[in-house]
Structure formats: C-alpha cells, structure tokens
Amino acid sequence: LLISASWDNTLHIINTSSQNPEPLTIQLPGKPHAMAASPSKVVVAMTARLVHIYDLPSLAKAVASGQEVQPWQQRESSLKFLTRAVACMPSDAGYATSSIEGRVAVEWFEDTAESQARKYAFKCHRQTAPEEEGGGDVVYPVNALAFHPRYGTFASGGGDGTVALWDAEAKRRMRQYQKFPNSVAALAFSNDGKYLAIGVCPGFETGMEDYSGEGQTKLFIRELGETEAKGKGAK
C-alpha cells in the first residue's frame with residue numbers, strides 16, 4: 001500500500017500491485033502534519049491534537065472493495081502543542097510523537113488501562129538561556145524521530161542542531177551527539193541499523209524572513225558501533 005496525506009484533509013491509499021490502482025480517499029477531521037507506519041498500523045497526527053490510528057489489513061480490504069473505513073483508534077495527543085513528527089516502534093507495540101515545544105511522547109497501541117498507564121512524555125532539545133537574557137530554557141521544535149530497527153531505541157533531532165538517542169523502555173537518554181551546524185530536519189536508520197542518516201538545514205528558529213538553505217542543506221551519515229544504539233532495557 002502507498003499512503004499519502006495532504007493538507008486538503010485527506011488520506012489516499014493505493015494498492016501499487018493492482019492493475020488499475022484507484023485510490024481510496026479517507027476524509028480527515030484536521031490537517032495531517034505527520035504520519036508513520038508500523039508492521040500493522042498507520043498513525044496520522046493532525047491539528048487540534050488529533051491522532052487517528054488505522055489498521056493496515058483493514059485498509060487493504062477497503063481498497064480492494066471500495067468500502068469506507070473507520071480509524072482503528074482515535075486519540076488525543078499527549079502533547080499540548082502541534083505535532084511535528086511521528087515514528088512507530090518496529091516491534092509493532094506503539095509509537096512516539098514529538099512537538100514544536102521540545103517534547104516527546106511515547107505511547108502503546110494496546111487499548112487497555114495497564115498499557116495506557118505506561119505512556120509518558122518528556123522534555124528535550126532545550127538549552128539554557130544566558131543569565132543576561134533572563135535565564136530559563138530556550139525551547140526548540142523536535143523535527144524528527146526514528147526507531148532503530150534492531151534494538152527498538154529511537155533517535156530525535158531538533159531545531160537546536162542536536163541528535164539524541166533514547167531508550168524508550170528505560171525512559172532515559174543514552175547519548176547526545178555533537179552539535180550540527182544547523183537545525184536537524186530529518187532522521188532515518190538503515191534497514192540493518194548500522195547507519196543513521198541525518199538531514200540538516202536552516203530552520204525558522206531565528207525568525208528569518210528570507211529563507212534559503214542554499215549551501216547549508218547537508219546530509220550526514222553516522223556509522224554506529226555494534227552496541228551504540230542498544231538500550232539497557234526497562235527499569
């Protein structure tokens with residue numbers, strides 16, 4: 001299935017193996033800002049803190065039959081501000097979301113009280129402001145999330161130009177890499193988990209009106225050590 005989301009408030013689902021692929025269109029209640037797929041689910045994060053989760057086998061049947069399909073689950077984001085990125089756990093257990101306000105939330109798909117009690121959120125990608133500027137935190141958007149395909153840990157990238165590795169089960173930061181020259185806009189692990197690709201470009205953090213990433217948009221590839229992204233496990 002090829003799935004696209006647009007600011008016209010729709011999802012389009014296409015079966016690319018079909019001889020005559022006609023898209024199935026799903027109306028969304030808000031503008032989609034981030035989307036990610038796990039082995040069996042698709043998570044769509046929208047404006048107004050709306051999150052819809054769709055079941056992939058149900059979508060495949062709906063595309064074949066042309067029938068309407070409803071979300072498997074409808075949720076409200078754990079984060080108070082606009083969602084910037086979504087990433088799904090390779091274990092198919094849940095997903096992480098990030099916001100423009102320097103926070104990340106981790107949730108599980110299973111809709112039980114015990115499972116939902118495990119969800120949590122935390123602050124990240126913040127820097128301490130100089131005392132002469134009043135102190136406090138300078139908060140940056142968390143633009144990118146990516147789960148390691150082997151260990152289930154995840155990376156986050158922010159407007160502060162840093163990338164951090166997190167252990168979702170142990171709820172702790174494992175490491176933070178050196179500062180990049182500009183905002184981190186995108187992240188992706190290779191299928192074998194050996195490499196991490198980091199997309200960097202100027203963001204809007206400085207309030208620039210004449211935006212240009214010319215000469216500053218770069219792609220960095222980090223080769224990971226054998227256990228560099230391996231977590232410690234739950235506490």
Side-chain angles (χ1 to χ4, degrees), residues 33-45 49-51 53 73 75-128 136-180 183-184 186-189 193-194 196 198 222 224-235:
H33 284 272
M35 180 172 65
S38 74
S40 72
K41 304 288 188 294
V42 173
V43 180
V44 184
R49 300 173 62 199
L50 298 170
V51 177
I53 304 172
Q73 284 184 18
R75 297 185 179 185
E76 183 178 78
S77 172
S78 300
L79 305 173
K80 293 181 180 179
F81 293 87
L82 183 69
T83 303
R84 182 54 64 86
V86 177
C88 291
M89 299 177 186
S91 64
D92 210 20
Y95 62 97
T97 56
S98 67
S99 77
I100 59 172
E101 192 251 343
R103 289 179 188 267
V104 169
V106 179
E107 301 192 29
W108 279 261
F109 288 136
E110 188 181 5
D111 193 18
T112 63
E114 181 182 5
S115 177
Q116 292 307 304
R118 295 174 62 200
K119 68 182 181 182
Y120 63 93
F122 58 91
K123 299 177 182 179
C124 53
H125 296 280
R126 297 167 180 233
Q127 295 179 1
T128 304
D137 282 343
V138 179
V139 181
Y140 294 88
V142 185
N143 299 320
L145 296 171
F147 274 91
H148 191 276
R150 180 178 175 188
Y151 296 126
T153 53
F154 69 93
S156 65
D160 59 344
T162 66
V163 173
L165 273 182
W166 307 89
D167 187 331
E169 291 289 335
K171 301 181 183 180
R172 63 168 69 112
R173 188 175 72 185
M174 297 161 54
R175 54 180 45 88
Q176 181 167 301
Y177 298 117
Q178 81 280 3
K179 199 175 189 311
F180 289 94
S183 175
V184 176
L187 294 170
F189 284 103
K194 187 176 180 180
L196 175 62
I198 303 155
R222 179 176 179 86
L224 303 180
E226 181 63 30
T227 60
E228 188 171 335
K230 186 175 184 179
K232 302 291 185 182
K235 290 182 179 179

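Remember, predicted model here, so these are calculated numbers, not experimental data. FYI, the numbering just counts along the sequence from 1.
Counting heavy-atom neighbours within 6.0 Å of Lys123 NZ, excluding the residue itself, gives a total of 12 or less. Applying the 6.0 Å contact sphere to CD of Gln178 captures more than 12 heavy atoms from other residues, nucleotides or ligands.
Of the possible donor and acceptor atoms, none in the side chain of Ser38 sits under 3.5 Å from a partner among the backbone N and O of Cys88. Looking only at distances, no side-chain donor or acceptor of Thr227 sits under 3.5 Å from a matching main-chain atom of Lys230. At least one donor-acceptor pair under 3.5 Å links the side chain of Gln116 to the backbone N or O of Glu110. With hydrogens and angles disregarded, a donor-acceptor distance shorter than 3.5 Å links the side chain of Arg126 to the backbone of Gly102. Lys179 places a side-chain N or O within 3.5 Å of a backbone atom of Asp160 that can act as its donor or acceptor partner. Proximity of a side-chain donor or acceptor of His148 to a complementary backbone N or O of Gly193 within less than 3.5 Å is detected. One N or O on the side chain of Ser98 and one on the backbone of Val142 form a donor-acceptor pair closer than 3.5 Å.
A ring-centre distance under 6.0 Å is not found for Tyr95 and Phe147.
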Using the side chain to side chain contact (heavy atoms under 4.5 Å, CB included) rule, take Met89 and Phe109 through it: C-alpha gap first, then chi angles, then the decisive distance, then the call.
CA-CA 10 Å; Met89 299 177 186; Phe109 288 136; over 6 Å; no
How far apart are the C-alpha atoms of Lys80 and Arg103, what are their side-chain angles, what is the distance that settles it, and do they pass the side chain to side chain contact (heavy atoms under 4.5 Å, CB included) test?
CA-CA 9 Å; Lys80 293 181 180 179; Arg103 289 179 188 267; over 6 Å; no
Does the pair Val184 and Asn143 meet the rule for a side chain to side chain contact (heavy atoms under 4.5 Å, CB included), with working shown?
CA-CA 7 Å; Val184 176; Asn143 299 320; 5.6 Å; no
Side chain to side chain contact (heavy atoms under 4.5 Å, CB included) for Leu79 and Thr97? Distances and angles first, verdict last.
CA-CA 8 Å; Leu79 305 173; Thr97 56; 3.7 Å; yes
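With a 4.5 Å cut-off on side-chain heavy atoms, Val86 and Val51 do not count as touching. His125 has its side chain out of reach of Gln176: every pair of non-hydrogen atoms, C-beta onward, lies at least 4.5 Å apart. In this structure, the side chains of Lys171 and Phe122 stay at 4.5 Å or more apart for every pair of heavy atoms. Looking at heavy atoms from C-beta onward, Thr83 lies out of side-chain contact with Ser99 at the 4.5 angstrom threshold. Between Val104 and Trp166 the shortest side-chain heavy-atom distance does not fall below 4.5 Å. Two residues are said to be in side-chain contact when any heavy atoms from C-beta on lie closer than 4.5 Å; Phe154 and Val106 meet this criterion.
Atom CZ of residue Arg222 and atom OH of residue Tyr177 lie 4.5 Å apart, to the nearest 0.5 angstrom. Of the inter-residue distances, the one linking Thr153 atom OG1 with Glu228 atom CD reads 10.0 Å to the nearest 0.5 angstrom. Atoms CD and CD, on Glu107 and Gln73 in that order, are 9.5 Å from each other to the nearest 0.5 Å. In this structure, Glu226 CD and Arg150 CZ are separated by 5.0 Å, a value rounded to the nearest 0.5 Å. To the nearest 0.5 Å, the span separating CG on Leu165 from CZ on Arg173 amounts to 10.5 Å.
In terms of heavy-atom proximity, Leu196 sits nearest to Ala155 at CD2-CB, 4.4 Å. Of all the heavy atoms in Gly159 and Ser183, the pair that sits closest is CA-OG, 3.3 Å. What you find for Ala229 and Leu224 is that their closest heavy atoms are CB-CD1, 4.2 Å. Contact record, Asp167 with Gly231: OD2-CA, 3.1 Å, taken as the closest heavy-atom pair. Scanning all heavy atoms of the two residues, the minimum distance from Ala186 to Ala144 falls at CA-CB, 3.7 Å. Of all heavy-atom pairs between Gly152 and Pro90, the closest is CA-CG, 4.4 Å.
Arg84 has no carboxylate O lying under 4.0 Å from a charged side-chain N of Glu101, or vice versa, which leaves the two without a salt bridge.
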